[in-house]
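In what follows, a single structure is set out as structure tokens and then discussed.
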Amino acid sequence: MPLAVSAVYSSTKAALHSYTMSQRFMLRDTSVSVLEIAPPWVQTDLLSSKEEPRAMPLEPFIREVLEVLGTDAEEILVENAKFLRANPGVNEGKFVTEFNHMFLNPPAA
């Protein structure tokens, strides 16, 4: 998801996603599996979000990732990340703008 306050970080994530999909295709007829873990915003030291209530707590994230890793999924998506991966199509600009507004304007406590 393009996050305006971390545009370079966001663009490198997009590049890795594209690269992963390309590698998955190129290696499709081999014994190599290409998996991608696509996390949502997780409570970590990144962006000082350890106590951020809108971010997913780290322990449930790890637990969910391990559950999905036990399946044949090529993309490891926890429930909190699925709406971000869903292609909004023609509404992408609006979706990204709303996401950035939500990030920059936390709800009142």
Side-chain heavy atoms under 4.5 angstrom apart, residues restricted to Ile, Leu, Val, Met, Phe, Trp, Tyr: same cluster for F95 and V5? yes
Is a donor on one side and an acceptor on the other found under 3.5 Å between the side chain of S11 and the backbone of V8? yes
Evaluate the criterion side chain to side chain contact (heavy atoms under 4.5 Å, CB included) for residue pair V68 and L77; output intermediate values, then yes/no. CA-CA 8 Å; V68 180; L77 297 169; over 6 Å; no
Say you draw a straight line from CG of L58 to CZ of R63; how long is it, rounded to the nearest 0.5 Å? 10.0 Å
How far does NZ of K82 sit from CD of E79, to the nearest 0.5 angstrom? 3.5 Å
Test item: Q43 side-chain N/O and S49 main-chain N/O as donor-acceptor pair under 3.5 Å: no
Should V32 and M26 be counted in the same cluster of Ile, Leu, Val, Met, Phe, Trp and Tyr side chains packed under 4.5 Å apart? no
If hydrophobic clusters are built from ILVMFWY residues whose side chains come within less than 4.5 Å, do L35 and M21 share one? no
If you define the side chain from C-beta out and look only at heavy atoms, does anything of Q23 sit under 4.5 Å from Y19? yes
Under-4.0 Å salt bridge between E98 and K94: yes
Donor-acceptor contact present, side-chain N105 to main-chain N100, <3.5 Å: no
Distance check, rounded to the nearest 0.5 Å: S6 atom OG versus L46 atom CG? 7.5 Å
Just verifying a value: how many Å separate L3 CG and Y9 OH, rounded to the nearest 0.5 Å? 10.0 Å
Counting only heavy atoms not in M102 (residues, nucleotides, ligands), do more than 12 fall under 6.0 Å from its CE? yes
Can you check side chain to side chain contact (heavy atoms under 4.5 Å, CB included) on I37 and F61, steps first, answer last? CA-CA 11 Å; I37 298 176; F61 169 72; 4.2 Å; yes
Qualifying salt bridge (Lys or Arg N to Asp or Glu O under 4.0 Å) pairs with a residue from residues 20-29, counting only residues at least two apart or across chains: R24-E74
Which atom names give the shortest non-hydrogen contact between P39 and A81, and what distance separates them? C-CB, 4.3 Å
Close side-chain approach of K50 to D45, heavy-atom, < 4.5 Å: yes
Just do the side chain to side chain contact (heavy atoms under 4.5 Å, CB included) check on V42 and N80 with the steps written out, would you? CA-CA 10 Å; V42 178; N80 286 3; over 6 Å; no
Gap separating the CD1 atom of I62 from the CD atom of E59, nearest 0.5 angstrom: 5.0 Å
State the CH2-CE distance between W41 and M56, to the nearest 0.5 angstrom. 14.0 Å
